[in-house]
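In what follows, a single structure is set out as structure tokens and then discussed.
Every heavy atom of this structure was used, including side-chain atoms; hydrogens, water molecules and symmetry mates were not. Order of the sequence lines sets the chain letters (A, B, ...), proteins ahead of strands, with each chain counted from 1.
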Protein chains: 4
Amino acid sequence: MTEEFHSSKPIYLQVADRIYSSIVRGEISHGDKLPSVREMAVNMGVNPNTIQRTYAEIEREGIVETKRGQGTFVKDDPGIVSSLQNRMKKEQIEAFVGNMRELGLTADEMVEGVQRYFMEKGGHAE
Amino acid sequence: MTEEFHSSKPIYLQVADRIYSSIVRGEISHGDKLPSVREMAVNMGVNPNTIQRTYAEIEREGIVETKRGQGTFVKDDPGIVSSLQNRMKKEQIEAFVGNMRELGLTADEMVEGVQRYFMEKGGHAE
Amino acid sequence: MTEEFHSSKPIYLQVADRIYSSIVRGEISHGDKLPSVREMAVNMGVNPNTIQRTYAEIEREGIVETKRGQGTFVKDDPGIVSSLQNRMKKEQIEAFVGNMRELGLTADEMVEGVQRYFMEKGGHAE
Amino acid sequence: MTEEFHSSKPIYLQVADRIYSSIVRGEISHGDKLPSVREMAVNMGVNPNTIQRTYAEIEREGIVETKRGQGTFVKDDPGIVSSLQNRMKKEQIEAFVGNMRELGLTADEMVEGVQRYFMEKGGHAE
DNA sequence: GTGGTCTAGACCACA
DNA sequence: GTGGTCTAGACCACG
């Protein structure tokens with residue numbers, strides 16, 4: 001099940017993003033074990049070193065902890081999910097607002113822009 | 001007036017963003033001449049090679065054209081501004097929605113998130 | 001009574017440190033029997049293999065001896081405690097002085113640093 | 001000028017320690033450029049990837065910043081040296097006190113231990 | 001089995 | 001030239 005990576009963002013960060021998404025979506029829960037480095041490497045079709053780097057990164061960010069000889073686990077803290085979601089949500093909004101502001105847009109125009117996006121897509125509420 | 005560039009985005013693209021902002025905000029109009037590569041390089045405190053690359057990039061995107069021996073000019077097309085703004089706006093919104101969707105958020109939650117951002121900031125209109 | 005181990009130091013050495021502490025503090029005396037590997041493993045909440053390794057290590061260091069079929073005992077030598085304490089103390093001081101010297105600090109500054117540490121902690125004598 | 005690394009601590013962290021020492025001792029000042037990754041790798045007799053990791057680590061710790069295409073520089077902040085020294089000094093003292101306390105030693109005994117160390121070494125004030 | 005480190009050598013974008 | 005990423009393959013300590 002090899003995957004592909006397109007963005008210019010480093011693969012090890014793209015993998016981190018996927019893991020974050022899985023956690024936020026509830027596909028992985030607090031306390032769960034992540035696949036081993038080697039296993040994940042095979043799944044993703046990348047080198048184990050790349051996954052190693054991913055795991056080191058998300059551990060540094062405090063989302064995950066490694067238990068020696070046992071593996072890498074999502075921190076067993078029930079608040080980790082909402083905390084992570086809020087953090088990522090905030091980051092996205094701030095980036096979005098900052099960029100739109102540079103285009104000379106007002107708050108109302110930003111909100112309206114997002115609303116219109118969904119209207120034009122019709123009932124595409126996935 | 002040396003500036004500083006911190007983002008991980010390449011400097012030459014950050015410079016392009018600034019130029020786009022200036023155009024969209026009306027500080028530069030269609031048909032206007034951009035500063036020479038060397039002049040801009042001094043203003044920005046970066047290497048002329050970097051500005052060269054910026055100009056090549058925004059020319060490639062069709063925003064600007066080079067007249068030999070005269071310099072680089074914003075295309076003398078009255079619609080260029082709104083066209084540029086619309087394109088960038090659309091890009092921002094699509095990226096934003098895509099990212100937020102990955103966090104498992106609904107359309108309503110996205111809109112609400114942006115609105116709340118401005119409420120919490122209060123009269124912080126910069 | 002499961003415990004937790006955070007330090008980057010190997011768990012089997014952390015367990016050894018605890019045993020050394022117990023001996024030096026007099027909680028265990030020369031000639032005393034240590035808990036069995038399995039018992040200790042349960043107490044510490046770690047794998048028996050890990051304790052096995054701990055016992056091998058402290059035996060190798062001459063603090064403990066294994067009597068076949070009977071268990072692991074602290075050597076029945078009255079001088080073992082002060083000897084162990086002196087050795088560990090010396091190791092700590094040498095490491096400390098070496099590290100501080102690398103920071104360009106003088107002997108006086110080292111002594112003063114330790115003294116000040118306790119002053120600032122005030123009556124925080126645990 | 002190949003060097004050797006003995007400690008069980010990873011090489012990339014030992015290199016970091018050396019750089020920190022150089023900064024604290026004033027051999028490198030704020031704003032100075034560090035040797036390039038490749039150059040340092042040759043000096044230290046290790047693989048460039050290892051140095052890369054060192055540089056990434058000390059950048060993450062805020063001691064150093066990289067200017068794209070130019071190199072890695074000690075942050076141009078006059079307070080960086082004393083700040084770094086204080087941080088490392090504090091770390092050393094806390095570790096030392098913690099370890100000595102585990103040996104059942106009192107504050108006075110710790111101070112005395114360090115003082116005696118220097119006395120026995122005689123006028124060995126390097 | 002697990003994660004962590006290291007080497008070798010390659011390729012890339014950036015300035 | 002610089003730092004950053006990635007692969008391939010190896011070795012290690014730990015549990």
Side-chain angles (χ1 to χ4, degrees), chain A residues 5 7-15 33-41 44-59 64-73, chain B residues 5 7-15 37 41 44-54 56-57, chain C residues 5 7-15 37 41 44-54 56-57, chain D residues 5 7-15 33-41 44-59 64-73:
Chain A
F5 297 89
S7 158
S8 69
K9 185 189 282 195
I11 294 175
Y12 78 94
L13 289 181
Q14 293 185 49
V15 175
K33 180 179 179 302
L34 294 184
S36 80
V37 167
R38 292 159 176 85
E39 195 178 343
M40 181 72 96
M44 295 295 186
V46 301
N47 188 287
N49 280 335
T50 304
I51 301 298
Q52 173 77 293
R53 202 166 173 181
T54 300
Y55 281 15
E57 174 65 22
I58 63 182
E59 176 166 25
V64 126
E65 61 190 340
T66 81
K67 297 180 186 169
R68 248 192 299 249
Q70 301 183 240
T72 303
F73 298 77
Chain B
F5 298 87
S7 157
S8 70
K9 185 188 284 193
I11 294 176
Y12 81 96
L13 288 181
Q14 293 186 50
V15 175
V37 167
M44 296 291 186
V46 301
N47 191 299
N49 286 340
T50 304
I51 302 298
Q52 191 69 276
R53 203 160 175 178
T54 299
E57 172 66 17
Chain C
F5 299 87
S7 158
S8 69
K9 185 188 284 195
I11 293 176
Y12 81 95
L13 289 181
Q14 293 185 50
V15 175
V37 168
M44 295 293 187
V46 302
N47 191 299
N49 286 340
T50 305
I51 301 298
Q52 190 70 274
R53 205 161 174 177
T54 299
E57 172 65 18
Chain D
F5 297 88
S7 158
S8 69
K9 186 189 283 195
I11 295 176
Y12 79 93
L13 289 180
Q14 293 185 50
V15 174
K33 181 180 178 302
L34 294 183
S36 79
V37 168
R38 292 158 176 85
E39 196 178 341
M40 182 71 95
M44 295 295 187
V46 300
N47 188 286
N49 280 335
T50 304
I51 302 299
Q52 173 76 295
R53 202 165 173 181
T54 299
Y55 281 16
E57 174 65 21
I58 62 182
E59 176 167 24
V64 127
E65 62 190 341
T66 81
K67 298 179 185 169
R68 246 192 298 253
Q70 301 182 242
T72 303
F73 298 77

Taken to the nearest 0.5 Å, the spacing of L13(D) CG from R53(D) CZ works out to 8.0 Å
Intra- and inter-strand pairing of DNA chain F, written as dot-bracket with Watson-Crick and G-U pairs under 3.5 Å and | for the latter, reads ||||||||||||||.
Judged by nearest nucleotide, the residue sitting upstream toward the 5' end of DNA chain F, I11(A) or K67(D), is K67(D)
Taking for N49(B) and for L13(D) the nucleotide of DNA chain E with the nearest heavy atom, the one nearer the 5' end belongs to L13(D)
Practice item. Indicate yes or no for a side-chain donor-acceptor contact from T54(B) to the backbone of Y12(B) under 3.5 Å, with no hydrogens or angles considered. Key: yes
Trace of the side-chain contact (heavy atoms from CB on, under 4.5 Å) decision for I58(A) with T72(A)
CA-CA 10 Å; I58(A) 63 182; T72(A) 303; 5.6 Å; no
In short, Q14(A) meets K9(A) closest at the heavy-atom pair NE2-O, 2.6 Å
When we call it a touch if two heavy atoms are under 4.0 Å apart, what does V46(B) touch: a base, just sugar-phosphate, or nothing?
-> nothing
Determine whether T66(A) and Y55(A) satisfy the following criterion, side-chain contact (heavy atoms from CB on, under 4.5 Å), listing intermediate values before the conclusion. CA-CA 9 Å; T66(A) 81; Y55(A) 281 15; over 6 Å; no
5'-most to 3'-most nt of DNA chain E touching chain A (<4.0 Å, heavy-atom partner on protein side) reads dG1(E) to dC6(E)
Practice task
Starting from the C-alpha separation in whole Å, work towards a yes-or-no answer on side-chain contact (heavy atoms from CB on, under 4.5 Å) for V15(D) and T50(D).
Solution key: CA-CA 9 Å; V15(D) 174; T50(D) 304; 5.6 Å; no
Comparing nearest nucleotides in DNA chain F, the 5'-proximal residue of the pair R38(A), P35(D) is P35(D)
Between N47(D) and A41(D), the two heavy atoms sitting closest are C-CB, 4.0 Å
When rounded to the nearest 0.5 Å, the distance separating CE of M44(D) from CD1 of I11(D) is 11.0 Å
Reckon T72(D) touches a base, only the sugar-phosphate, or nothing at all at heavy-atom distances under 4.0 Å? sugar-phosphate
Report yes if a side-chain nitrogen or oxygen of Y12(C) is closer than 4.0 Å to either non-bridging phosphate oxygen (OP1 or OP2) of dG15(F); otherwise report no. no
